[in-house]
Amino acid sequence: MSKSVINRITSKFAYRIRQNQRILASSFSSSSSAALPEDSSPGAVHLTDNCVRRMKELHAGDADEKMLRLSVEAGGCSGFQYAFTLDDKTNSDDRIFEKDGIKLVVDDISYDFVKGATIDYVEELIRSAFQVTTNPSAVGGCSCKSSFMVKQ
């Protein structure tokens, strides 16, 4: 076979694979508790390497591995605020996002506020904490990075 035929076949297969991944991701997102691999859909919530590293440090020496739970609550100086907790169970309305064995759990209501967001672990002089560093659903927030305003 010539090289040009192989290139055309390869590009067609790659296109079909990406198309199938999009179809599968959309069917998984309709199932509320489906675990989605990192970067599987445009609405996925992403974990940075720092976030994964910190969660693995928290798991070290602990028999039961907890998941990081992100929820959105009314309040804060900008209207809504992020809340991070460690949890060992999931609910029927949870969405699970995973990277390198670390799981992030987001309930369905909170998910509408954090679609496509990136979660990081930030160490600063005054505090160290999990933070939402980018959120396409937010238009602004305060300097503490724990509260935000929603796009209209």
Side-chain angles (χ1 to χ4, degrees), residues 13-152:
F13 275 117
Y15 172 75
R16 290 293 288 195
I17 290 170
R18 284 191 303 274
Q19 191 176 26
N20 288 342
Q21 285 176 330
R22 279 189 223 112
I23 291 169
L24 288 172
S26 67
S27 69
F28 279 129
S29 67
S30 65
S31 170
S32 63
S33 63
L36 299 174
E38 177 73 358
D39 297 331
S40 66
S41 70
V45 180
H46 310 282
L47 301 172
T48 64
D49 292 337
N50 270 346
C51 182
V52 170
R53 179 189 52 76
R54 181 60 181 149
M55 284 297 294
K56 286 183 177 182
E57 288 172 359
L58 292 172
H59 288 160
D62 196 6
D64 43 302
E65 293 188 1
K66 304 231 182 226
M67 298 171 284
L68 182 62
R69 180 175 290 279
L70 168 61
S71 57
V72 174
E73 302 169 347
C77 36
S78 298
F80 293 96
Q81 61 188 1
Y82 303 110
F84 289 98
T85 57
L86 295 177
D87 202 345
D88 56 358
K89 60 181 184 276
T90 59
N91 301 318
S92 62
D93 69 334
D94 285 339
R95 293 178 185 246
I96 303 170
F97 303 94
E98 186 171 349
K99 180 177 179 181
D100 296 337
I102 299 300
K103 294 180 182 176
L104 172 75
V105 181
V106 183
D107 65 88
D108 260 350
I109 294 172
S110 297
Y111 174 70
D112 289 333
F113 293 99
V114 295
K115 285 180 189 172
T118 301
I119 312 304
D120 194 8
Y121 182 75
V122 180
E123 295 178 282
E124 299 171 336
L125 196 55
I126 59 171
R127 71 174 175 166
S128 300
F130 292 103
Q131 289 181 352
V132 176
T133 54
T134 59
N135 184 354
S137 301
V139 291
C142 68
S143 62
C144 70
K145 295 185 179 162
S146 65
S147 76
F148 65 101
M149 292 179 284
V150 179
K151 286 183 181 177
Q152 295 291 338

Quiz item: Could you state the interatomic distance from CG (D108) to CG (D94), rounded to the nearest 0.5 Å?
Solution: 8.0 Å
Quiz item: How long is the gap from CG on D87 to NZ on K103, to the nearest 0.5 Å?
Solution: 12.0 Å
Quiz item: For the side chain of Y111 and the backbone of G43, is there at least one donor-acceptor N/O pair under 3.5 Å apart?
Solution: yes
Self-check item: Inter-residue atom distance D93.CG - I109.CD1, 0.5 Å rounding
Solution: 7.0 Å
Practice problem: Please report the shortest heavy-atom distance between N135 and F113, naming the atom on each side. | Solution: ND2-O, 3.0 Å
Quiz item: Between D120 and F130, is a side chain to side chain contact (heavy atoms under 4.5 Å, CB included) present by the stated rule, with each step listed?
Solution: CA-CA 6 Å; D120 194 8; F130 292 103; over 6 Å; no
Exercise. For Q131 and E124, work out which heavy atoms get closest and say how close.
Key: NE2-OE2, 4.2 Å
Quiz item: If you round to the nearest 0.5 Å, how far is CD1 of I119 from CG of L104?
Solution: 6.0 Å
Quiz item: Atom OH of Y121 and atom CG of L68: how far apart are they, to the nearest 0.5 Å?
Solution: 11.5 Å
Quiz item: In terms of side-chain geometry, is the basic nitrogen of R69 or D107 positioned less than 4.0 Å from the acidic oxygen of its partner?
Solution: no
Quiz item: Can you pull the salt bridge (Lys or Arg N to Asp or Glu O under 4.0 Å) pairs that have at least one residue in residues 74-86, sequence neighbours excluded?
Solution: none
Quiz item: Of all heavy-atom pairs between V114 and S137, which one has the smallest distance, and what is that distance?
Solution: N-OG, 4.4 Å
Quiz item: Checking K66 side chain against L86 main chain: does a donor-acceptor pair fall under 3.5 Å?
Solution: no
Quiz item: For the side chain of N50 and the backbone of V122, is there at least one donor-acceptor N/O pair under 3.5 Å apart?
Solution: no
Exercise. Apply side chain to side chain contact (heavy atoms under 4.5 Å, CB included) to the pair F97 and L47, showing each step before the final yes or no.
Key: CA-CA 8 Å; F97 303 94; L47 301 172; 5.8 Å; no
Quiz item: Would a distance-only check, ignoring hydrogens and angles, find a side-chain to backbone donor-acceptor pair under 3.5 Å from S110 to S71?
Solution: no
Quiz item: Between T48 and K99, what is the shortest heavy-atom contact and its length?
Solution: C-NZ, 4.0 Å
Practice problem: Please report the shortest heavy-atom distance between I102 and K56, naming the atom on each side. | Solution: CD1-CG, 3.7 Å
Practice problem: Look up atom CZ in R95 and atom NZ in K115, then write down how far apart they are to the nearest 0.5 Å. | Solution: 7.0 Å
Self-check item: Under the salt bridge (charged side-chain N to carboxylate O under 4.0 Å, His left out) test, residues paired with E123 that sit two or more places apart
Solution: R53
